There are 2 protein chains.
Amino acid sequence: MALTERKKKILAAVVAEYIRTAEPVGSKTIAQTAGLGCSSATIRNELSELVSMGYLEQPHTSAGRVPTPQGYRIYVNELMQRQRLSLEETEAINASLNERLSQLDDIVSNAGALAASLTNYPAMAIAAPPPATIKRFDLIYIDANTFIIVAMMSNDTVRNKLVHLPVSVGQDMIQRLSSVFNANFTNITEERISPLTIRAAERAVDDTMGLTGVIASFAIEILSEAQAAETCVAGANRLLSQPEFRDPAKAHALMSYISDAEHIKNLPEVYDVDGEGIKVLIGPDNVAEELKDSSVVLASYDMGDDTRGLIGVVGPTRMDYSAVAAKLGLIARALSERLGGGSAPPKGLDNKLIIKEDTNGQHEQ
Amino acid sequence: MALTERKKKILAAVVAEYIRTAEPVGSKTIAQTAGLGCSSATIRNELSELVSMGYLEQPHTSAGRVPTPQGYRIYVNELMQRQRLSLEETEAINASLNERLSQLDDIVSNAGALAASLTNYPAMAIAAPPPATIKRFDLIYIDANTFIIVAMMSNDTVRNKLVHLPVSVGQDMIQRLSSVFNANFTNITEERISPLTIRAAERAVDDTMGLTGVIASFAIEILSEAQAAETCVAGANRLLSQPEFRDPAKAHALMSYISDAEHIKNLPEVYDVDGEGIKVLIGPDNVAEELKDSSVVLASYDMGDDTRGLIGVVGPTRMDYSAVAAKLGLIARALSERLGGGSAPPKGLDNKLIIKEDTNGQHEQ
DNA sequence: CTTGGCACTCTCGGCCCTCGAGTGCTAATA
DNA sequence: TATTAGCACTCGAGGGCCGAGAGTGCCAAG
């Protein structure tokens, strides 16, 4: 049986009210709020049909109705009115975006943190960059025992490493190493670097001190890092403000699950979000057992370099889909605008320097 | 009144048992477990004195005893036997350490994650590095529109930035910029870089395109970043496995507090942990209102370069202090061994290359 | 000083009851 | 045929009551 117009209105009202209050919704409430001119008895009849159609259910005989996952599905796909964010909200979001993204240190984790703070649900962000290669090596000679490897990558990031040597090395050797690596180790993928090619390079520069190996392993390391998906999870604690996680055991289970970036990285559903769209996974839609009682909303954005980034939010099935979708959509669009658009410089920056950078200093022995 | 030997034993038994079970401890339990040959009636007398001395309290008249913060204090300072970690545990910890720290990407967050997973409490890690300066600039000319800035810092990390120019620049200009910056902007702190000095440099190289400003702002940026304390919080969700956080409101409050690195960074108590010691802050010892019901255990370790790092753990006052102290101590010692010891290379590595590195690539427009 | 004994206190869990929200059904009505 | 008012029914939440059990404090005897 198809949904009559009135059934749709009633279903929408039930879902909206349940999202608001987290309590089963009764016929009387709907008669009052939904504003269709009929009595609660009529609504009751409709409700019980919606139950038998599988869109609603009753926790027990004398309780109100609660949406089923199918009910949410219909709501999300057809009934929900696209929430128009108020001007203030849009402003606020843009302000946060500007503030957070001015220091573009780590887009992934910033996008995640932003989504979490705007939606008040735990958020995650993923970026799986396209395979990168090294475009060019530079070896900077510091002193007889020290040099720096600088590698410029095909995606225009730069990586470096400081090498201290227990033995002395001449500037000429550094020179030779540099040209051999530029000749043989640029524009190739990780798997093309083999012990064989390394031995060959070693012989070519007459290296008896293992320098070739050091540079090669640095190359391997940054190549494999460059293709690893970056993930971040932010604001997991926000789960606790949701009444459905009043039970600490439940809360703990889900929080532990989503707090582990490995889990997120391995979610298959994450990898088929199409283009600009927003994807909503409701309860059992989720593949992971731990998420079967929760919902996930995902939005993708253009990171430039043919990369798409993904931001998402996790919450109870009783999630405020329309607000979340609106906010994620806004963030995704804003990010696409800022980062995307191929290699053309973003408007308004034409006469400024365009900079890609690599930062962060660490130690290693 | 001083604590008699027997009172000490009884107090220790109460605290230990309460830590184990999270339930008030009765006189009978102690008579049986503590193994001092006297009856529960005797213990009762002693217990009530311990109550009037302020080391124990009763939730209600007919319940067992629970330690007060002062009780924990005495326990931690005098009564607790230093837990000897079993061989397996030590092995396990060392194994994790080796695995996690082999990729020394980010010591701070790795140390935090490690402490959390070993103790099963939320953990935090902080490192406030000593002020660093730039030792040397290298500008790598890529093409007429592109160059890379490489800055080697006094703490032997290397930072870099890729600069795209909307105009063409000759290799000679890059050359000149490099020598001016090496002459005027090395070995100085951030505040010594002023608009004035930048203007001077600009004139010196005859720069009309703002290149000087770009390099100078990069210098400012990395100098200020280098002196910012790095912080990380890991495993906040572990709080939920503690019975004292069965109440979601409490759990949420504390989790939100500790999940925010800014809060952690600003904890004053964090900054006066002396040398090798382990510091235990019990309930009201904490300055932050949010931590008054919880305890914090802190251990510091030597990161080399005269820097001390800090790892800590947050939990209910009913924390297993002796296990936590033992584990944090072990981690701190292991880290000190690996990272510390001034600039002398760690033993066993003498004939290997010693490497300090800087990695991580990012974008900026 | 210690200890067995005993009365007392307080919490916890189970049980019962009432209250109220909400339903489903029926019969009357438009 | 669709709607509605009315009414009996169901079920859970909350409150009060009670008994069991754990633990205490005190007393008098060893």
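Owing to the predicted nature of the structure, the values given are computational and were not obtained by experimental measurement. Chain A is the first sequence line, chain B the second, and so forth, proteins listed ahead of strands; every chain is numbered from 1.
In this structure, A:Asn286 contributes its side chain and A:Ser294 its backbone to a donor-acceptor pair below 3.5 Å. Looking at B:Thr68, its side chain does come within 3.5 Å of a backbone N or O of B:Tyr55 through a donor-acceptor pair. Side chain of B:Arg65 to backbone of B:Leu56: no donor-acceptor contact under 3.5 angstrom is found. The backbone N or O of A:Ile258 sits nowhere less than 3.5 Å from a side-chain atom of A:His263 that would complete a donor-acceptor pair.
Distance CD/B:Glu57 to CD/B:Gln70: 8.5 Å, rounded to 0.5 Å. Here A:Lys7 contributes atom NZ and A:Ile43 contributes atom CD1; the two are 11.5 Å apart, rounded to the nearest 0.5 Å.
Rounded to whole Å, the distance from CD on B:Glu46 to C1' on C:dT3 is 13 Å.
In summary, contact between chain A and DNA chain D, defined as any nucleotide atom under 4.0 Å from a heavy atom of the protein, begins and ends at D:dT3 to D:dG12 in the 5' to 3' direction.
Ring to ring, B:Tyr321 and B:Tyr75 are not that close: their centroids are 6.0 angstrom or more apart.
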Side-chain polar contacts of residues 23-37 of chain B - donor-acceptor pairs under 3.5 angstrom, sequence neighbours left out - could you list them?
unit_1: B:Ser27; atom_1: OG; unit_2: B:Arg44; atom_2: NH1; d: 3.4
unit_1: B:Thr33; atom_1: OG1; unit_2: B:Thr29; atom_2: O; d: 3.1

Exercise. Can you check each nucleotide of nucleotides 12-30 of chain C against protein heavy atoms at under 4.0 Å and return B for base, S for sugar-phosphate only, - for none, in 5' to 3' order?
Key: ---------BSBB------
